[in-house]
Trainee: 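Could you have a look at this structure, given as structure tokens, before my questions?
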Amino acid sequence: MSTTTTATPRPRAVLVGVQLHGVTEAELQSSLDELARLAKTLGLDVVARVTQRRDRLAPAAVVGEGKLKELAALTGGSGVVPVGPPSKQREEEAERAEAAETERAEAAEAERGETPAEPDAPRASVVVVDHELSPSQARNLERATGAEVLDRSAVILAIFQRHARSREARLQVEIARLAYLAPRLREGGGGKDRQGGGIGGRGAGESSIELDRRKVRDRIAELRAELASIERDAGTRRKRRHEHATVALVGYTNAGKSSWMRVLTGSGVLVEDKLFATLDTTVRALQPESVPRILVSDTVGFIKKLPHDLVASFRSTLDEARDCDLLIQVVDASDPSFRAQMEVTGEVLGEIGATESPRLLVLNKADRLDAEAREQLAAGFPDAVVLSAKAPADVAALRERILAFFERDMAEAELFVPYARQRVVGEAHSAARVLSERHDEAGTHLRVRARPEVLARLRAGLA
Ligand SMILES: Nc1nc2c(ncn2[C@@H]2O[C@H](COP(=O)(O)OP(=O)(O)OP(=O)(O)O)[C@@H](O)[C@H]2O)c(=O)[nH]1
Ligand SMILES: [Mg+2]
């Protein structure tokens, strides 16, 4: 458990979630549990949850008028969305439909006897919404609650920003943050309200907003150029690494990837009960070292609704996962929503194009499960291994499994290396297992065991 020991009290936050059509109460609560962990990682103290069952998000402020008042009671705001600019007929119709929907939702709620959130809980200064907010929804919520309003993407971006250590990670996060902000500058930009009326209207504020957006775009281009130069080096390093057998640990945030990295490679990577503790990719050799060496990489975790800009931005970091020989997908099997988390991981892997490599599923944190649950998992996922990063016997078992994976497709070959090509002998020693080595007057006779790609490369060096 990570504890913050700051003297200043942590800002209080209220979570807001809408139970949309087709979403169960349990799913909504588990999504809010995760949002609460994200908020906590950001240093917020979650004091209440405000939820509402609706067919869709209220266009004005996500929740209906009544709920908004309830929310504002927790933050000390007015609970009223200020009247916007004159609306056209279509908008008026939409508003009428919206009012009717709100009434229905609230009447149904009253029928179910739901109690409003406690009015005398301490006042919150932050509202965290579990849905993507439009700029106007964010602004309306801010005005009605008097609190700072963040959506899920903004929280994730803020966490990434805090946890980014290397220059590469910092650039990636900054690009994603600006890309997230750019479209949101359209309405509220420059602190000027839309004087000319209407979304996208030619208000007096337009030119300065356009200027801001251009500045943001220019800055993104600048950062991208800098990132590209760093990534060129990283790309070369990655290519060099690819001469070795590589394993990438991937999975949902907090699943235990870094814990496995530590125990498999003896490295001191950060392990924390925090979301997105790891942002930078670390690569280390499997320990005790095998011949040839196997490299293991640990990288950024995934989460539900991971902002697209972040995925795009972290693409090169995630190349490690795309180019590896074996993907080890780590799952926190003790988390009740692990199935949904596996699905999200599958989706992100698809998005980054990491679907080619063979995948081994590690159902982790088995030490938190009883024997029956473990058996059920093993039966439900026959190709997976049910393990705990905290059990030394399990660590040895996974290491064996990794070794066996690479051993399986290795083949033996005889190579003759003329003295003029002695470089190949060195290469054979680093990328293959040399079974025997004999010299005569013309060169070196090697008997090696290696993966087919390695054998092909060694032969190409002799051609
Ligand atoms: N009980 C138990 N806890 C574990 C196990 N593996 C990891 N943990 C704990 O789970 C938490 C997260 O572990 P990490 O290894 O940091 O997880 P991660 O997947 O690297 O997380 P991010 O880098 O934040 O995406 C830590 O508190 C670990 O101690 C396990 O097998 N059993
Ligand atoms: Mg980690």
Side-chain angles (χ1 to χ4, degrees), residues 1-4 33-43 155-166 169 172-173 247-284 296-307 310-311 314 317-318 320-321 327-338 341-342 344-346 348-349 352 360-371 373-374 377-378 384-399 401:
M1 279 272 139
S2 69
T3 47
T4 338
D33 288 344
E34 183 175 272
L35 189 66
R37 298 201 58 201
L38 285 167
K40 190 177 152 224
T41 300
L42 201 54
V155 174
I156 295 172
L157 279 163
I159 294 172
F160 269 64
Q161 200 171 10
R162 279 201 199 169
H163 292 180
R165 292 283 171 271
S166 71
Q172 287 167 326
V173 175
V247 176
L249 295 160
V250 295
Y252 213 74
T253 183
N254 210 52
K257 300 175 294 300
S258 298
S259 301
W260 276 104
M261 180 74 182
R262 282 179 86 117
V263 293
L264 287 172
T265 69
S267 69
V269 295
L270 182 73
V271 169
E272 262 187 305
D273 193 16
K274 253 190 188 177
L275 303 185
F276 302 113
T278 308
L279 293 188
D280 288 302
T281 301
T282 314
V283 183
R284 296 279 184 279
V296 184
S297 68
D298 172 30
T299 190
V300 61
F302 306 149
I303 200 166
K304 186 165 76 93
K305 300 186 198 156
L306 191 61
L310 269 179
V311 179
F314 274 78
T317 304
L318 291 168
E320 215 70 57
L327 266 181
I328 294 188
Q329 181 180 349
V330 183
V331 175
D332 178 354
S334 73
D335 191 311
S337 44
F338 82 89
Q341 299 182 349
M342 280 173 64
V344 170
T345 300
V348 182
L349 288 175
I352 60 168
L360 172 64
L361 194 60
V362 171
L363 298 172
N364 192 33
K365 308 200 188 180
D367 53 298
R368 291 192 183 161
L369 304 171
D370 58 27
R374 254 178 276 167
L377 278 177
V385 282
V386 184
L387 301 173
S388 163
K390 310 228 169 196
D394 287 4
V395 176
L398 186 59
R399 182 176 180 276
R401 184 94 187 208

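For reference, positions follow the sequence shown, starting with 1. We count ligands from 1, going down the list as the structure has it; atoms in each ligand are counted the same way.
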Trainee: Please work out which of Val395, Leu363, Thr299, Asn364 has its closest non-hydrogen atom nearest to atom 6 (N) of ligand 1.
Mentor: Asn364

Trainee: Any heavy-atom pair between the side chains of Trp260 and Ile328 that's under 4.5 Å?
Mentor: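 No, side chains not in contact.
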
Trainee: For ligand 1, note which part of Val330 has a heavy atom under 4.0 Å away: side chain, backbone, both or neither.
Mentor: neither

Trainee: Taking N or O atoms only and a 3.5 Å limit, does Ala277 qualify as a polar contact for ligand 1?
Mentor: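 N/O-N/O distance below 3.5 Å exists for this pair.
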
Trainee: Relative to the heavy atoms of Leu275, which atoms of ligand 1 are at a distance of less than 4.0 Å?
Mentor: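 Here the atoms of ligand 1 in question are 24 (O).
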
Trainee: Taking atom types as modelled, is there a side-chain donor on Arg284 or Ser267 under 3.5 Å from an acceptor on the other?
Mentor: no

Trainee: Taking non-hydrogen atoms only, is Arg368 closer than 4.0 angstrom to ligand 1 via side chain, backbone, both or neither?
Mentor: side chain

Trainee: In terms of atom number and element, which parts of ligand 1 are under 4.0 angstrom from non-hydrogen atoms of Asn254?
Mentor: 11 (C), 12 (C), 17 (O), 18 (P), 19 (O), 21 (O), 22 (P), 24 (O), 25 (O)

Trainee: Got an N/O contact under 3.5 Å between Leu270 and ligand 1?
Mentor: no

Trainee: Give the atoms of ligand 1, by number and element, whose distance to some non-hydrogen atom of Phe276 is under 4.0 Å.
Mentor: 24 (O)

Trainee: Return yes or no for this condition: an N or O of Gly256 is under 3.5 Å from an N or O of ligand 1.
Mentor: yes

Trainee: Could you pull out, from Ala366, Ala255, Ser259, the option with a heavy atom nearest to atom 7 (C) of ligand 1?
Mentor: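 Nearest option to atom 7 (C) of ligand 1, by heavy atoms: Ser259.
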
Trainee: Using a 4.0 Å cut-off to any heavy atom of Thr253, which atoms of ligand 1 qualify?
Mentor: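 Result: 22 (P), 24 (O), 25 (O).
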
Trainee: Mind checking the CD-CG spacing from Glu320 to Leu318? Nearest 0.5 Å is all I need.
Mentor: 9.5 Å

Trainee: Does a side-chain heavy-atom distance below 4.5 Å link Ile303 with Phe276?
Mentor: yes

Trainee: Might you point out which heavy atoms bring Ala333 and Leu369 nearest each other, and give the distance in Å?
Mentor: O-CD2, 3.9 Å

Trainee: Nearest 0.5 angstrom please: Arg401 CZ to Arg399 CZ, how far?
Mentor: 15.5 Å

Trainee: What I want to check is whether the side chains of Ser258 and Asp298 have a donor and an acceptor closer together than 3.5 Å.
Mentor: yes

Trainee: Within ligand 1, which atoms have a heavy atom of Ser388 less than 4.0 Å away?
Mentor: 30 (C), 31 (O), 32 (N)

Trainee: Under 4.5 Å between any side-chain heavy atoms of Gln341 and Phe302, yes or no?
Mentor: no

Trainee: For a quick test of your reading: what N or O donor-acceptor pairs under 3.5 Å do the side chains of residues 388-398 make, sequence neighbours left out?
Mentor:
residue, atom, partner, partner atom, Å
Ser388, OG, Asp367, OD1, 2.8
Ser388, OG, Lys390, N, 3.0
Asp394, OD2, Ser388, N, 2.8

Trainee: Looking only at distances, please establish whether an N/O atom of ligand 1 is found under 3.5 Å from an N/O atom of Ala389.
Mentor: yes

Trainee: Are any of the side-chain heavy atoms of Leu377 and Phe338 separated by less than 4.5 Å?
Mentor: yes

Trainee: At less than 4.0 angstrom from any non-hydrogen atom of Lys274, what atoms of ligand 1 do you find?
Mentor: 24 (O)

Trainee: Report yes if the side chains of Leu349 and Thr345 come closer than 4.5 Å at any heavy-atom pair, otherwise no.
Mentor: yes

Trainee: Report the part of Asp367 (side chain from C-beta onward, or backbone N, CA, C, O) that has a heavy atom under 4.0 Å from ligand 1; answer both or neither where that applies.
Mentor: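 Contact part for Asp367 vs ligand 1: side chain (C-beta onward).
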
Trainee: Do the non-hydrogen side-chain atoms of Lys365 and Asn254 ever get within less than 4.5 Å of each other?
Mentor: yes

Trainee: Which atoms from ligand 1 have a heavy atom of Gly301 less than 4.0 Å away?
Mentor: 25 (O)

Trainee: I want to check something: taking the side chain as every heavy atom from C-beta on, are Leu279 and Gln172 in contact at a cut-off of under 4.5 Å?
Mentor: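 In short, these two side chains do not touch, never coming nearer than 4.5 Å.
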
Trainee: For Asp298, is at least one N or O under 3.5 Å away from an N or O on ligand 1?
Mentor: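 So ligand 1 has no N or O lying under 3.5 Å from an N or O of Asp298.
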
Trainee: Salt bridge check: are Asp335 and Arg368 linked by an N-O gap of less than 4.0 Å?
Mentor: no

Trainee: Number the atoms of ligand 1 from 1 as they appear, then name those within less than 4.0 Å of a heavy atom of Ser258, with their elements.
Mentor: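 Taking each heavy atom of Ser258 in turn, ligand 1 has 15 (O), 18 (P), 20 (O) under 4.0 Å.
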
Trainee: Within the structure provided, determine whether Met261 and Thr278 are in side-chain contact (heavy-atom separation under 4.5 Å).
Mentor: no

Trainee: Which residues and atoms, protein N, O or S only, are under 2.8 Å from the Mg ion (ligand 2)?
Mentor: Ser258 OG, Thr278 OG1

